[in-house]
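All remarks here apply to the structure that follows.
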Amino acid sequence: MTSDLTRDSLTILCSRCPVRELHCGDCMVTAMVDPAAMGLGTELPLDADERAAVTACVRAGLLSAEAAATVRSERVPFDIGRAVG
């Protein structure tokens, strides 16, 4: 049995996601699609843990507030590598 992907499709609206900009890096949708092919780029908003780390760096004086405002998370390709042994 084949499926007509032009007729049977699923639309995912990130704007309606209840954890938008909190867990984008853990989103299963981004694991199923090629974001570059969809024109989404590699930048992601920071999740809660990443924001906390940046805030700690600002409080410790390691990073200015201006620089912290420009910090983004970056999606990198997953490389399984190869088994050795």
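Note that the structure is a prediction, hence the values are computed from the model and not measured.
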Contact summary for Ala67 and Thr70, nearest pair of heavy atoms: O-OG1, 2.7 Å

Minimal non-hydrogen separation, Ala68 against Val58, with atom names: CB-CG2, 3.5 Å

Qualifying residues under side-chain contact (heavy atoms from CB on, under 4.5 Å), relative to Ser15, sequence neighbours excluded: Leu13, Arg20

Pairing residues for Ser73 by the side-chain contact (heavy atoms from CB on, under 4.5 Å) criterion, not counting sequence neighbours: Leu44, Leu46, Glu50

Set of residues satisfying side-chain contact (heavy atoms from CB on, under 4.5 Å) with respect to Leu62, sequence neighbours excluded: Cys57, Ala60

